[in-house]
Structures are given as structure tokens and as C-alpha cells.
Number of protein chains: 2
Amino acid sequence: MAHAYEHPHPAVTTDVVIFTLAADSLKVLLVRRAHLPFQNQWALPGGFVEIGEDLEVCALRELEEETGVTGVFLEQLYTFGAPRRDPRERVITVAYYALVPMDRLHLRAAGDAREVAWFRCDALPELAFDHADIVRMAQQRLCAKLQYSTLALQFMPDRFTLGELQRVYEIILGEPQDKRNFRKRMLAYDCIEDTGTERRNGNHRPARLYTVKSPGEVRIIR
Amino acid sequence: MAHAYEHPHPAVTTDVVIFTLAADSLKVLLVRRAHLPFQNQWALPGGFVEIGEDLEVCALRELEEETGVTGVFLEQLYTFGAPRRDPRERVITVAYYALVPMDRLHLRAAGDAREVAWFRCDALPELAFDHADIVRMAQQRLCAKLQYSTLALQFMPDRFTLGELQRVYEIILGEPQDKRNFRKRMLAYDCIEDTGTERRNGNHRPARLYTVKSPGEVRIIR
DNA sequence: GCAAAAGTGTTCTAGGTACACCCATGT
DNA sequence: ACATGGGTGTACCTAGAACACTTTTGC
């Protein structure tokens with residue numbers, strides 16, 4: 001049954017590049033490997049696809065196991081299958097990336113022995129396998145997609161200020177945005193809504209709070 | 001060795017959506033299946049990934065076996081892995097798409113019993129497995145990428161006229177292009193070059209022949 | 001001379017960019 | 001009163017869209 005076709009069967013995994021924003025920087029979730037190969041090195045969360053398990057379901061499972069979140073943005077990135085990317089046997093990995101809003105994290109207690117941590121994208125440790133390539137491609141995709149879609153809204157909490165949203169763009173793109181043009185553009189997309197409420201934050205004028213009109217949707221713009 | 005990890009191993013294939021342009025329409029190459037499942041139905045060319053064979057190499061092999069061409073555009077499309085997409089066992093397929101210039105075809109003689117044919121994209125027969133989904137996604141990608149890259153040049157023969165290039169866009173996008181704006185834009189990209197020669201074709205003025213400056217390259221524009 | 005595709009410029013419009021000052025609050 | 005981030009409008013510029021006539025050939 002498992003070998004109904006007369007052909008070699010490689011192992012297949014999914015790996016997930018889980019992004020979030022914290023402390024004014026873009027972060028990726030990594031886990032420290034407990035076993036060989038690459039023992040003790042940092043790697044992307046991921047695991048083997050079960051027979052009968054859909055690829056995206058597998059990635060969602062990894063995502064929830066590591067961050068406790070469900071219902072967030074997840075998209076297939078690319079499939080990496082170089083013959084010797086895993087030193088043990090042939091392993092093909094279907095890579096996904098996910099965007100977790102800053103406020104929805106419930107990181108698993110590191111009770112299951114493995115170490116789990118967020119790393120700044122601009123200061124990653126050495127990674128196992130070809131995971132550095134995977135993260136690089138995910139970050140490229142994120143940058144690109146930010147500029148022709150409303151993807152950035154997937155990082156926002158339920159209510160947020162335009163200043164916070166602008167900071168998200170600035171952190172990911174790595175360049176400052178003009179405040180007036182930014183606000184004009186965002187409001188023109190008609191994707192966010194003034195809640196009528198405000199937030200007081202420091203020694204300055206309170207900021208209006210906005211919400212995303214249809215939270216699930218990522219619209220293509222331009 | 002083949003089961004160094006204690007996990008189920010699905011079968012993995014690559015399938016290739018091979019596009020070309022002929023008779024003023026966009027065509028896809030299909031093969032008629034000789035065996036079960038889906039015996040006698042049309043399907044994408046594809047096959048099992050060998051242990052030790054890179055995914056893209058596997059796709060290139062399929063492409064060459066079916067069309068005899070090498071050195072043409074090939075790009076990973078998406079990985080399809082729904083649990084029951086193959087009725088026999090779990091098969092995950094990494095789908096690619098390829099663009100073959102109209103003049104570079106050397107279709108294999110159908111001597112190997114299997115039937116091979118080009119079909120208009122707008123008149124496909126019923127396809128095996130989830131191949132209809134794969135073709136649909138490939139066609140979407142092609143349309144999208146035409147508009148923000150120089151991908152269309154991959155369809156052109158060594159020398160071609162601007163009228164022919166315009167027809168390529170019109171066929172794939174399914175809408176007429178303004179002649180003057182089209183020419184202005186193409187020349188502004190600075191990707192094609194006037195050869196100084198002309199071609200006489202019918203009862204009308206001869207057309208200038210152009211070549212692609214760097215044939216391999218696909219540039220992102222806008 | 002007529003049919004058929006090749007070739008060619010200008011005007012208009014919309015979206016993007018650049019840019020500087022007042023406002024509400026906490027200390 | 002002052003420091004801090006929030007909030008607002010106009011002028012400019014550039015890229016894309018709309019649009020019609022002349023040229024060269026074969027018959």
C-alpha cells in the first residue's frame with residue numbers, strides 16, 4: 001500500500017517561517033534542534049508530513065504547536081528539494097511563511113525541553129540545513145508583497161494607530177515613509193476603519209484607533 | 001537507508017505545464033495516460049522524482065523528453081499535496097511551468113505509444129488528477145507575470161517583429177493592446193534590439209526584425 | 001489604385017512624491 | 001512652557017491611457 005507505485009519515496013516535511021513584529025524589529029521564530037543532524041543548531045519549526053495530512057494542515061499544526069495561534073495568515077513559499085540538503089536521506093521540504101499579530105502570541109512554555117526563541121531577522125544565528133535560504137526567500141516575499149497588497153494588516157492587533165501601521169512598513173521595508181502620503185494611501189485603500197476611539201500613550205496628543213474592515217482578506221493593490 | 005527517519009514517505013512527482021503559442025492561441029502540452037488510474041485521460045507530463053535527483057532537474061527532464069527543447073524558461077509554480085489527489089497512494093507533486101518559443105519545438109515522434117498533443121488553453125479536455133487546477137494556476141501566473149516582467153520575450157523566436165510580440169500579449173491577456181503605447185513601452189524597457197533587417201510577409205509594408213538583448217534573462221519591470 | 005499591416009507623436013489624466021506647520025497631551 | 005508624537009493640504013512630476021494618419025508593399 002505504501003509503495004503502490006514502483007518508485008523511490010523521499011521524506012517530505014513542511015517548514016514554517018513564522019514572522020512577527022516586536023520591539024521595533026521583524027522577528028523569526030527558531031527552535032534549537034535536540035537531535036542529530038545539526039544537533040543544538042537553530043532551525044525553522046517544521047516536521048514530517050503524515051500520510052493523509054494535507055500540506056497546509058501540516059504547516060498549520062507546526063504553527064500552532066510553536067506559537068499557540070490559529071487563524072492567521074499562512075501561505076506556501078517554495079519547495080526546496082536539493083538532493084543533499086539533509087545529510088541523512090533525501091528530504092523535500094515544502095516551506096510556508098506565516099504572519100502573527102504582535103498581540104496574539106502565546107508561546108508554548110519551553111517545557112518540552114526544546115529551546116524556542118524569536119530572533120531579529122537582521123541578526124540570525126547560523127541555521128541548520130538550507131534554512132537560511134528559506135528565511136531569505138520568505139523575507140524577500142514579505143517585502144515584495146507589502147508593496148502590492150494589504151498584507152501588512154495581518155501583523156496588526158484588533159485596534160491600532162496609523163503611526164503603528166506606518167512603523168510596520170518602515171521596519172519591514174527598512175526605509176522611512178512619508179507620514180502624510182502614507183496615511184492618504186492607506187485610507188484610500190478603504191481597508192481600515194476609524195473606530196471613533198482614541199488611545200493615550202505618552203506626553204502627547206492621543207491617536208485615533210483603527211480596525212481592519214475584513215480581517216482575513218489580503219487585497220492586491222495597484 | 002531509504003527510511004533513515006521514522007516517518008511515512010509519500011511519493012513525490014513533478015508535473016510541468018508546458019506553454020507555447022501557435023495558430024494565434026496559447027497552448028498547453030498534454031499526454032494521454034496509458035495506465036490506471038485515469039487510463040486514457042489527458043494529463044500533464046510529469047513523473048517521479050528519483051532519489052538523488054534535484055526537483056528542477058526532474059522537471060527539465062520531463063520537459064526535454066516531451067518537447068526536445070532545452071535551455072528555455074522553467075519556474076516552480078506551486079506544490080500540490082491534497083491527501084487524496086491520487087487514488088492509489090499519497091502523491092505530492094511539485095508543479096513547474098515552462099515557456100517554449102514557437103519555433104523551437106521538436107516534439108517527440110509518438111513512437112513510444114503514448115499520445116501527445118497541444119491543446120488550446122481555452123478548450124482543454126477533462127484532465128486527470130487535479131491537473132485542471134494546476135493548469136489554471138499556471139495560466140494565472142503567466143498573465144500576472146506578463147504585466148510586471150519581460151517574461152513574454154521567452155516565447156519569441158530569434159528574430160521577430162513588434163507586431164508579433166504584441167500579438168503574444170494580446171493572446172495571453174485576452175485583450176487588445178494599443179499599438180503606439182505598446183511599442184513605446186517595449187522599446188523603453190531596452191530589452192530588445194533592432195537588427196536592421198526586415199521581413200516581407202504579405203501585401204503590405206515589411207516589418208523591422210528585433211532580437212532579445214539577453215535571451216535568458218527575465219527582468220522585473222515597474 | 002486598393003487592401004493590409006507597419007510605423008509614428010501629442011495631449012490628457014491620475015497616482016506618487018515632496019514638503020512644513022499646528023494640535024493635544026504629560027510632565 | 002516645553003517636549004513628544006498625532007494630525008492635516010498643496011504643488012509638482014512622471015508614467016500610463018487615449019487617440020488618427022502616413023508609409024510600403026503585393027495584387
Side-chain angles (χ1 to χ4, degrees), chain A residues 21 23-24 102 143-144 146-150 152 156-157 159-171 173-211 219-222, chain B residues 21 23-24 143-150 152 156-157 159-171 173-211 219-222:
Chain A
L21 283 156
D24 271 346
M102 333 180 192
C143 277
L146 220 55
Q147 300 177 73
Y148 66 86
S149 77
T150 58
M156 306 314 289
R159 308 158 130 237
F160 56 91
T161 70
L162 281 173
E164 288 163 350
L165 183 57
Q166 184 176 340
R167 235 159 291 135
V168 169
Y169 276 83
E170 290 176 338
I171 291 165
L173 299 178
E175 54 191 18
Q177 304 288 308
D178 179 89
K179 203 205 300 187
R180 279 172 292 189
N181 294 338
F182 180 81
R183 286 162 185 248
K184 209 190 313 173
R185 207 169 67 234
M186 284 303 140
L187 296 173
Y189 294 156
D190 196 35
C191 284
I192 61 175
E193 201 167 26
D194 192 336
T195 61
T197 58
E198 298 186 327
R199 175 192 295 155
R200 281 158 217 233
N201 207 13
N203 324 346
H204 54 81
R205 178 172 175 175
R208 285 198 193 141
L209 289 169
Y210 290 81
T211 49
R219 265 206 10 232
I220 305 299
I221 51 190
R222 290 181 210 189
Chain B
L21 281 156
D24 272 346
C143 277
K145 208 141 182 168
L146 221 55
Q147 301 177 72
Y148 66 86
S149 77
T150 59
M156 306 315 290
R159 308 157 129 237
F160 56 91
T161 70
L162 281 174
E164 288 164 350
L165 183 57
Q166 184 176 340
R167 234 159 293 135
V168 168
Y169 276 83
E170 289 175 338
I171 291 164
L173 298 177
E175 53 191 18
Q177 303 287 307
D178 179 89
K179 203 206 297 189
R180 280 170 292 188
N181 294 337
F182 180 82
R183 287 163 183 248
K184 209 190 314 171
R185 208 170 67 235
M186 284 302 141
L187 295 172
Y189 294 156
D190 195 35
C191 284
I192 61 174
E193 203 166 25
D194 192 336
T195 61
T197 57
E198 297 186 329
R199 175 191 296 155
R200 276 156 223 235
N201 207 14
N203 326 346
H204 54 82
R205 178 170 174 176
R208 286 200 191 137
L209 289 169
Y210 290 81
T211 49
R219 265 203 13 228
I220 305 298
I221 50 190
R222 291 182 210 189

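Computed from a prediction, not measured in an experiment: that's the story for all the values here. Protein chains get the first letters and strands the later ones, always in sequence-line order, with residue 1 at the start of each.
As a whole-Å value, the separation of D178(A) CG from dC12(D) P is 17 Å. One can place CG of L209(A) at 11 Å from P of dG6(D), the figure rounded to the nearest angstrom. dT8(C) atom C1' lies 9 Å from atom CZ of R205(B), rounded to whole Å. Per the geometry, CD belonging to Q147(A) stands 16 Å off C1' belonging to dG15(C), to the nearest Å. In this entry the distance linking CZ of R200(A) with C1' of dC23(C) reads 14 Å, nearest Å. A straight line from CZ of R199(A) to P of dG7(D) spans 11 Å, rounded to a whole angstrom. Atom pair E198(B):CD and dA5(C):P shows a separation of 17 Å (rounding to whole Å applied). Distance Y169(A) OH to dT17(C) C1': 17 Å, rounded to the nearest Å.
The main-chain N or O of R219(B) is found under 3.5 Å from a side-chain atom of T150(B) such that the two form a donor-acceptor pair. Between the R200(B) side chain and the A207(B) main chain, no donor and acceptor come within less than 3.5 Å of each other. One N or O on the side chain of E170(B) and one on the backbone of Q177(B) form a donor-acceptor pair closer than 3.5 Å.
For N181(A) and P206(A), each mapped to the nucleotide of DNA chain D holding its nearest heavy atom, the one lying further toward the 5' end belongs to P206(A). Take the nearest nucleotide of DNA chain C for G163(B) and for G202(A): the residue whose nucleotide is more 5' is G163(B).
N201(B) comes within contact range of no nucleotide atom at all, as no heavy-atom separation falls under 4.0 Å. Among the atoms of the strands shown, only primed sugar atoms or phosphate atoms (P, OP1, OP2) are found under 4.0 Å from some heavy atom of R208(A).
Judged by distance alone with a 3.5 Å cut-off, no donor-acceptor contact links the side chain of K179(A) to the base of dT17(C). Side chain R180(A) to base dA20(C): a donor-acceptor pair is found below 3.5 Å. In the interface, the side chain of K184(B) is paired with the base of dT10(C) through a donor and an acceptor atom under 3.5 Å apart. The base of dC2(D) has none of its N or O atoms less than 3.5 Å from a complementary donor or acceptor on the side chain of N203(A).
R159(A) and T197(A) are linked by a side-chain donor-acceptor pair at a separation below 3.5 angstrom, with hydrogens and angles left out of the test.
The phosphate of dG16(C) (OP1 or OP2) has no side-chain N or O of R185(A) nearer than 4.0 angstrom.
When each of T195(B), L165(B), L162(B) is paired with Y210(B), the side chain to side chain contact (heavy atoms under 4.5 Å, CB included) condition holds for L162(B) and for no other.
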